[in-house]
Structure formats: C-alpha cells, structure tokens
Amino acid sequence: MITEKFSRRTFIKGSATLSSLLGLGAIGTKASKGLVPTASAQSTSKKGTFYNACPRNCYDTCSIVTTVEDGRITFITGNENNLYTKGRLCVKGNTYPRVVYSPDRIKYPMRQKGRGSGNWERISWDEAYTIIAKKILDIKKEYSTTLPICLNKYSGNFNILNYASEGMLSSIGYTTRAQGTPCDPAGSDAQAFDMGTAYNSDPEDFVHAEYIILWGANPAWTSAHSMYFIEQAKEKGTKLVVIDPIITQTASKADEYIQINTSTDGAFALGMIRYIIDHELYDPEWVNNHSIGFNEFASYVKKNITVEWAAEKTGVPKEIIERIAREYATANPANIWVGFGMQRHTNGGSMVRAIDALAAMCGNIGKKGGGMNYIGGETWGFNYHTMSFGPPEGTVGDGDRYVNMNNFGAQVLEANDPPIKMMWIACRNPLAQDPEPNVVKKAFDQMDLIVTADLYMNQTVEYSDIVLPVTTPFESVGVNVSYWHYWMNANEQAIKPLYEAKSDLEIAMGLSKKLNELEPGSCTFPVSGDPKDWVEKEFNENIRDMFGVSSWEELRKNGGTVKANEKVTVAWQDLKFRTPSGKYEFYSEKAVEYGHHPLPVYVEKYQAPKEYPLRAISPHWKLGIHSQFQHTDWLMSISSHPVLELHPDLAREHGIKENDIVKVINDAGYLTLPAKLTKTVPTDTVVMYEGWWKDINYTENFNIKAIPSDMGNYSKGQLGIAFHDNFVNIEKA
Ligand SMILES: Nc1nc2c(c(=O)[nH]1)N[C@H]1C(S)=C(S)[C@@H](COP(=O)(O)OP(=O)(O)OC[C@H]3O[C@@H](n4cnc5c(=O)[nH]c(N)nc54)[C@H](O)[C@@H]3O)O[C@H]1N2
Ligand SMILES: Nc1nc2c(c(=O)[nH]1)N[C@H]1C(S)=C(S)[C@@H](COP(=O)(O)OP(=O)(O)OC[C@H]3O[C@@H](n4cnc5c(=O)[nH]c(N)nc54)[C@H](O)[C@@H]3O)O[C@H]1N2
Ligand SMILES: [Mo]
C-alpha cells in the first residue's frame with residue numbers, strides 16, 4: 001500500500017525545494033519489473049484487439065487499437081480507421097500501458113487519518129460508500145438542503161458516461177458546482193458575440209488552405225495530429241505563419257515566425273485590418289450580404305488605428321504587418337487557428353473578436369479550408385442520459401449554486417449561505433491545476449469531508465479524506481467526441497478493472513444504492529446497470545444524422561470510429577449565424593449586454609505591477625496533459641523535473657547560470673526551479689510549464705493569481721482566467 005511512499009510529500013506554501021529537486025535524478029529510468037508483459041509467442045495465449053478512445057482534454061481525442069494477450073495489454077497503437085489519428089499516437093498516448101500498469105495506481109478505496117498526513121488505511125467499497133452516504137444525509141438533515149455539497153469535476157476524462165458524476169449529485173438534490181472552464185471562455189464568448197457560438201472547421205481541411213496563421217497555438221505539442229494536415233498543406237505550397245511570443249516547436253515549422261509582444265494580438269489584427277481597408281482588400285460582397293455593423297467598425301478603425309500604432313504596440317515592424325495583411329487578404333482561402341493560450345489574458349476575448357473581424361471581412365468564414373478556427377461543439381449532441389434524473393421528490397430550493405472553477409478556492413470560501421462542507425472531486429486536480437492553490441487548500445480546510453476519485457495520488461488526493469480508485473479507459477466502456485475534429489470513437493472494455501478500481505458511473509450507482517439503503521428515496525440515480533446499456537442510451541437521431549450510426553454496437557463494429565458528414569465539418573458554410581440578427585455581427589448588442597464595447601475595439605493589456613516586472617507564462621507541456629502522463633516512468637526518464645526557461649540576457653542580469661536554482665516570487669507564493677537558458681523566450685518573460693512530475697511538490701500555480709479574463713459569462717456562465725497575465729520576480733536561490 002501507499003502509506004510510506006506518499007507521506008513523504010506534504011503540501012507546503014512555497015513549493016519545489018532544492019532538496020526535492022536534487023533528489024530526483026535517479027527516479028526517471030526505474031526498471032519496469034516486467035509490468036508490461038512482452039507478447040507471448042505461445043499458441044495457447046488468448047490474443048485479441050479492442051478499440052479504445054483517449055478521453056483526455058485534448059484536441060486530438062484519438063482512437064486507439066489495443067492488443068490484449070492473456071488478459072493484459074501488450075501493445076497499443078493509433079487506429080488506422082480514424083483518418084485524423086491516422087494510425088499514430090502521440091508521445092503520451094504511446095505510454096498508456098505504463099499508465100495502466102503503473103505501480104503508483106490507487107488500488108483500493110482508502111481513508112486518510114489526518115488530511116495531508118499520508119496516514120492512509122485501506123477500506124472496503126461498502127465502508128467508503130457508507131461514510132460518504134452518511135455524510136450526505138447528515139448535511140441534508142442539518143441544513144435542510146444539499147447545497148453544502150460541492151462538485152468539482154472537469155477534464156481528466158471526457159468519456160460521455162463520466163457525466164455520471166454530475167448526474168449522481170443532481171440525483172440527491174441541489175448542490176454547489178464548480179462552473180466554467182479554464183480552457184477557452186474568453187475566446188468562446190468572443191465568437192459567440194460575433195457568430196452566435198464558437199464553431200471550428202474540420203482540421204483535416206487545413207490541406208485546402210492557401211495560407212495558414214497559427215495564432216497563439218502550439219499544436220506541435222498540444223495537437224500533434226493536426227500538424228500532419230498543416231505539413232501536407234505546406235508541401236503543396238501553403239505558407240505557414242506562426243504568431244507567438246515564444247519560439248515554440250510549432251514556430252520552428254513556420255515559413256514565417258512573428259515574435260509578438262504578449263497580449264497585443266488585438267493591435268496586430270486591427271493594424272492588418274486598417275491596411276486591408278485602406279487598400280480595399282476585403283470582400284465587400286461578403287460584408288454586405290452576411291454581416292451587420294461593418295461601417296461602424298470601419299469608422300472606428302479609420303479613426304483610431306494606424307499600422308504605425310500597431311507596430312509600436314506589438315513590437316512587430318510596420319512592413320511586416322502590412323505584408324502579412326496583404327498576403328492574408330489575397331489568399332483564398334486563408335485559415336486562422338487561434339489557440340487557447342492566446343486568450344488567457346485580461347483582454348483575451350477582445351483580441352479574439354479583432355481576429356474574427358479580420359477573417360470575416362476577408363470572406364474567409366464559411367469556406368472549406370478557411371475559417372477562424374478556435375473550438376467547436378457540434379458533435380456533442382448526445383443524450384447525457386446520466387444527467388437525466390432530477391432531484392428526489394420534495395426537494396426544496398431553486399436549483400444548483402455555482403462557483404467559478406477559475407477562482408474556486410476564494411469562491412468556495414465566500415459561499416456562506418449555506419457554507420460548503422463536503423467536496424466531491426472527480427477528473428480534477430484543483431490543488432495543482434488551479435491558480436492560488438494555497439487559497440484552494442484553505443477552502444478544503446473548511447470541509448467536513450473531501451472525497452476524490454482518481455487514478456493516482458496527486459496533490460488533491462493527498463489532501464482528501466477518502467479516495468476512490470477509478471478505472472483507466474481500457475477497463476470500462478464509453479464513447480468520446482472531440483472539440484476540434486469530427487470523429488466519434490468507441491471505447492471498449494479491453495481488460496478487467498485492475499485491483500478494486502471502478503468507473504465513475506459504477507461509483508455513482510454504488511453510492512446511490514447505499515443512499516437508498518440508508519434512506520429510501522434519497523437518491524434518484526439508478527442503483528445498478530450494465531455500463532454497455534448506459535452507453536447505448538446516449539445515441540439518438542441527431543447523432544445518427546450526423547454520423548450515420550445508430551448505436552454504440554454499430555460504431556464498435558464499424559472499426560471503432562466514424563466521422564460526421566460534411567454538413568457539419570465546414571463551419572458556417574450556410575452563412576446562417578446564430579446571432580440575434582442571424583448575420584455576422586461586427587456590432588454586437590449582446591456584447592453590450594455583457595458589459596463590453598459593441599465593436600471589436602482595442603483593449604489595453606494588463607500592466608505589470610512595479611515589484612513584479614517579469615511576465616510568467618505557464619503553457620501546456622509536451623510530455624503531459626496537466627497532471628497526467630508526465631509522472632509515469634517512461635516520461636520521467638525523458639524529463640525528470642520541471643525547469644524555468646529564461647533568456648540568457650535576463651539570466652545574466654540576475655547572475656543566474658544554467659541549472660542554477662531560481663526562486664520565482666510574487667505575492668501569491670513562490671517556487672524554486674532550476675534554470676534553463678534559452679533564446680526561445682523573450683527577455684521580459686519567464687516560462688514554467690504546466691505539469692506534475694513524480695515525487696516533486698511542484699505546481700506552476702504556486703505563484704499564479706486568479707486574475708479573470710475579460711469574457712466567458714455569456715457562453716460558459718463564468719469568466720475565464722488570465723493565466724498568462726501573471727507577473728513575478730526572480731532571484732538566484
Ligand atoms: N501535450 C499537451 N496537449 C494538450 C494539453 C496539455 O496539457 N499537453 N492541454 C489540452 C488543453 S486542456 C488545452 S486548453 C489546449 C491548449 O492548447 P494551446 O492553446 O495550443 O496551448 P497553450 O500552451 O495553452 O498556449 C499556446 C501558445 O499560446 C502562446 N501565448 C500566450 N500568450 C499569448 C499572446 O498574448 N499572444 C500570442 N500570439 N500567443 C500567446 C503561448 O506562448 C503558447 O505557445 O491543449 C490541449 N492539448
Ligand atoms: N498555470 C496554469 N494552470 C493551468 C493551465 C495553464 O495554462 N496554466 N491550464 C488549465 C487548463 S486549460 C485546464 S483544462 C486544467 C486541467 O486541469 P484538470 O481538469 O485538473 O485536468 P487533469 O490534470 O488532466 O485531470 C485531473 C485528474 O483527473 C484524473 N482522472 C483521469 N481519468 C479519470 C477518470 O476516469 N475518473 C476520475 N474520477 N478521474 C480521472 C487524473 O488522474 C488527474 O489527476 O488545468 C488548468 N491549469
Ligand atoms: Mo484546457
């Protein structure tokens with residue numbers, strides 16, 4: 001069991017210390033002890049293949065073919081039937097057998113004596129359900145409502161069946177919910193104001209573009225399969241431009257790379273627009289027939305924007321802005337992909353509105369191979385059957401209460417009527433992934449009971465009272481779609497659940513059973529059922545029309561994967577926008593309703609406080625997805641610890657040399673990290689990647705503050721977060 005191993009690590013203010021970092025080196029290459037059996041040549045071995053779906057919060061959402069011999073996974077690879085996965089997995093996906101058979105998996109339900117003590121004891125599922133159910137019923141009795149129970153669930157696993165966590169809590173009454181998303185809210189609101197919703201075209205259509213701008217996106221790391229289509233376009237002669245303050249691996253593939261001043265992309269787009277208006281390079285027919293408010297917008301631009309001004313703001317020479325404007329406006333079709341990283345700013349939404357305007361006025365929206373591509377949800381039309389059971393009869397109240405997932409700690413502490421007393425955490429690691437984890441911890445301290453369902457002992461599990469072991473995708477069934485490509489993937493059960501792990505759906509049924517035993521009628525969630533029957537309940541006419549399959553079984557037999565038809569894959573091809581006017585809105589009343597300027601105007605970037613002059617950007621890491629993958633042995637052997645990237649000139653100013661330990665400080669907390677000197681980072685910025693490295697008390701969020709982005713309320717119910725408007729100071733430790 002885990003006691004000894006995990007009690008070493010405690011959650012302290014500050015973070016990765018020098019000693020914990022130095023203690024690391026040896027961990028990476030730990031031998032496997034035969035955890036993944038080699039393929040047996042014996043003819044007696046039972047061998048089969050299964051379709052699985054990678055369910056992580058990733059653009060690529062891959063279809064996997066899993067080979068199982070004698071009940072163990074021996075090989076995995078990408079599914080050739082899925083033309084986006086194209087038979088290949090990313091570096092993380094290829095390590096899945098190490099994830100499944102990792103000795104670090106949580107094996108049994110456990111209870112911790114003393115939160116954060118590491119003093120765990122194994123308990124049975126029945127004991128776990130009993131403790132949790134009794135607490136739920138006690139809270140309901142004491143407060144006459146279940147609002148003191150809070151669910152924080154997000155992106156560890158996007159299998160449609162995993163909405164059972166939401167469904168189970170809805171089945172006990174009204175509860176408090178972490179609402180919103182850290183990924184995309186500002187940009188999604190921008191697109192909702194302009195077009196009615198965010199809706200991207202099929203990334204496989206990059207091959208049909210004549211010109212591509214990757215704008216604050218790093219797909220070489222965060223959407224590796226998209227790069228194939230971009231490379232194909234390049235081979236045909238398409239120009240690839242990358243705009244990013246950091247010289248990323250994606251930038252290294254570009255024909256032209258533009259190192260922009262961070263958070264000034266709105267000025268860049270508006271500068272291009274000024275040039276395009278002056279030279280009449282836009283598409284008047286498109287603008288006249290399919291939009292409203294263009295004249296007001298053009299007047300704003302002529303009055304307020306010059307290319308010289310844009311050059312000054314962005315740090316990009318005027319001639320370059322003009323040339324990119326001309327190239328973009330004269331290519332047909334031209335394609336823009338705006339990444340989520342670009343909008344993690346206090347002016348993020350307004351920057352996306354300016355880029356939308358550029359794409360729209362040049363007639364690129366609605367064209368195959370073109371578009372302003374950001375995110376989409378067209379294929380998510382399942383029944384969400386797991387969420388269809390209402391509260392028990394006689395439940396009083398007006399509905400659930402919401403706190404912003406992006407400022408979770410502070411808002412939980414503020415929710416006082418009634419206070420939050422119990423936390424259910426699934427598919428989330430808030431003590432590492434959220435800003436200001438020390439505030440989140442304070443909110444945790446207020447709880448009577450914290451229950452976390454997870455695969456591994458991450459920072460949040462370590463600070464929980466009860467941990468419930470969950471299955472990997474290979475151990476249960478499911479179905480997944482992407483927020484980017486247009487494929488639907490079946491997930492089959494390839495192996496039996498390891499140890500005592502259960503899926504979140506099975507946990508929901510088990511808890512409902514216990515609640516109903518203790519107090520009949522207290523939970524409306526079904527108490528038993530075969531997950532395969534549940535997954536079948538997700539299919540409907542809408543899914544059939546889009547994908548041509550009527551059931552999970554059919555999808556499975558169809559090669560495990562199927563693509564939506566062309567009616568949906570080219571965004572806005574009918575040019576019927578989902579705005580109040582039905583047209584593209586350069587002028588948006590809806591934006592005004594939400595407190596913004598009606599036009600895509602320039603909004604100034606966040607100003608660095610005097611004491612903390614350096615921008616800290618914390619982008620997504622190539623060998624992990626948030627708290628997942630990087631901590632496994634193969635990936636630890638490639639990257640054994642996190643680093644702080646900084647420019648050699650900045651390092652020199654602070655007397656810092658390669659591998660020196662650097663203290664990164666601001667008023668939220670501090671971190672110590674070894675320096676990695678690189679000219680890929682601008683001189684006013686430091687970069688620390690998001691991730692969880694095994695046995696290191698690191699989260700980049702120790703000094704990331706909960707600063708909201710400008711938009712998010714309209715489409716997500718909550719503002720997004722300006723992760724990259726975070727400022728620090730550094731010193732040699
Ligand atoms: N390997 C891997 N893949 C992932 C993830 C992961 O953690 N690891 N996470 C998944 C999830 S949940 C998400 S939300 C997506 C994120 O996907 P991306 O948006 O591609 O990734 P980010 O790393 O957040 O940011 C992309 C780039 O934005 C740049 N950027 C920051 N500020 C600005 C700015 O002001 N202007 C411009 N032009 N660029 C800026 C950063 O330097 C960074 O290179 O990736 C998904 N895919
Ligand atoms: N500083 C900084 N912080 C960031 C970001 C950033 O750019 N900078 N990006 C933010 C973004 S965009 C995102 S999306 C968030 C992501 O943050 P989270 O939503 O917390 O995502 P993960 O760490 O991928 O997953 C959380 C946990 O889910 C567990 N899990 C996996 N499968 C299952 C399952 O089937 N059931 C259950 N119950 N658990 C499972 C994993 O083991 C993991 O511990 O991080 C945010 N944090
Ligand atoms: Mo995300």
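Remember, it's 1-based here, ligands and their atoms both numbered in the order they're listed.
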Exercise for the section: Identify whether the distance between the nearest side-chain nitrogen and carboxylate oxygen of D189 and R353 falls below 4.0 Å. Expected result: no

Problem - Derivation and outcome, salt bridge (Lys or Arg N to Asp or Glu O under 4.0 Å), residues R428 and D454 - result: CA-CA 8 Å; R428 274 247 72 197; D454 208 298; over 6 Å; no

Practice task
Return yes or no for this condition: an N or O of N157 is under 3.5 Å from an N or O of ligand 2.
Solution key: yes

Practice task
Look at atom 32 (N) of ligand 1 and find which of H345, M342, R344, Q249 reaches it with the closest heavy atom.
Solution key: H345

Problem - Side chain, backbone, both or neither: H724 near ligand 1, heavy atoms under 4.0 Å - result: side chain

Fill in the blank from the handout: Heavy-atom proximity to atom 19 (O) of ligand 2 ranks first, among G478, S155, S627, for S155

Exercise for the section: May I ask you to check whether D60 and S223 show a side-chain donor-acceptor distance below 3.5 Å? Expected result: yes

Exercise for the section: Establish, from distance only, whether the side-chain atoms of N404 and Q179 form a donor-acceptor pair under 3.5 Å. Expected result: no

Completion exercise
Quick look: E690 vs ligand 2, heavy-atom contacts under 4.0 Å, and the answer is side chain

Practice task
Could you say whether the N/O atoms of P619 and ligand 2 ever approach to under 3.5 Å?
Solution key: no

Problem - Ring centers of Y59, Y483 separated by less than 6.0 Å - result: yes

Handout entry: Atom indices of ligand 2 within 4.0 angstrom of S618 heavy atoms, with elements
Key = 1 (N), 2 (C), 6 (C), 7 (O), 8 (N)

Problem - Y96-F629 aromatic ring centre distance below 6.0 Å - result: yes

Exercise for the section: Compute both the distance and the angle, then confirm whether K153 meets the cation-pi test with W424: under 6.0 Å from the six-membered ring centre, within 45 degrees of the axis. Expected result: no

Practice task
May I ask you to check whether W221 and Y689 place their ring centers less than 6.0 Å from one another?
Solution key: yes

Practice task
Before signing off on this row, confirm whether M351 and ligand 1 have an N or O atom pair separated by under 3.5 Å.
Solution key: no

Handout entry: Aromatic ring proximity, centroids under 6.0 angstrom, W693 and W621
Key = yes

Exercise for the section: May I ask which of C58, P245, S223 has a heavy atom nearer to atom 40 (C) of ligand 1 than the others do? Expected result: P245

Completion exercise
The closest protein heavy-atom partner of atom 25 (O) of ligand 1 is G341 CA, 3.2 Å

Exercise for the section: Distance to 0.1 Å, residue and atom name: give those for the protein heavy atom nearest to atom 38 (N) of ligand 1. Expected result: D265 OD2, 2.8 Å

Practice task
Give the residue, atom name and distance (to 0.1 Å) of the protein heavy atom nearest atom 14 (S) of ligand 2.
Solution key: N57 ND2, 3.1 Å

Fill in the blank from the handout: Heavy-atom proximity to atom 45 (O) of ligand 1, picking from T222, T685, V681, points to T222

Handout entry: Option with minimal heavy-atom separation from atom 11 (C) of ligand 2, where the choices are E700, M688, H626, Q628
Key = H626

Handout entry: Proximal candidate to atom 43 (C) of ligand 2 [heavy atom criterion; set D454, N429, T460]
Key = D454

Completion exercise
atom 35 (O) of ligand 1 sits nearest the protein heavy atom S263 N, 2.7 Å

Handout entry: Exercise: do Y456 and Q628 side chains pair donor with acceptor under 3.5 Å
Key = no

Exercise for the section: Answer yes or no for K605: is there a heavy-atom contact with ligand 1 below 4.0 Å? Expected result: no

Exercise for the section: List every atom of ligand 2 that sits less than 4.0 Å from any heavy atom of I625, numbering the atoms from 1 in the order shown and giving each element. Expected result: 24 (O)

Practice task
Compute the ring centroids of Y384 and W534, then answer whether they are less than 6.0 Å apart.
Solution key: no

Practice task
Would you check the N or O atoms of C427, main chain and side chain alike, for any that come under 3.5 Å of an N or O of ligand 2?
Solution key: yes

Exercise for the section: Before signing off on this row, confirm whether Q433 and ligand 2 have an N or O atom pair separated by under 3.5 Å. Expected result: yes

Practice task
Compute the shortest N/O to N/O distance between W221 and ligand 1 and return yes if it is under 3.5 Å, no if not.
Solution key: yes

Practice task
Mind checking whether F340 contacts ligand 1 via backbone (N, CA, C, O), side chain (CB onward), both or neither, at a 4.0 Å heavy-atom cut-off?
Solution key: both

Exercise for the section: Would you confirm whether the ring centroid of W484 sits within less than 6.0 angstrom of the ring centroid of Y374? Expected result: no

Problem - Under 3.5 Å: N/O of Y154 near N/O of ligand 2 - result: no

Practice task
Inspect the contact between D725 and R344 and indicate whether a charged nitrogen and a carboxylate oxygen are less than 4.0 angstrom apart.
Solution key: no

Problem - S252-Y257 side chain donor-acceptor pair, cut-off 3.5 Å - result: no

Problem - Selection from G156, P469, P55 by shortest heavy-atom distance to atom 30 (N) of ligand 2 - result: G156

Completion exercise
For T262, the ligand 1 atoms with a heavy-atom partner under 4.0 Å come out as 32 (N), 35 (O)

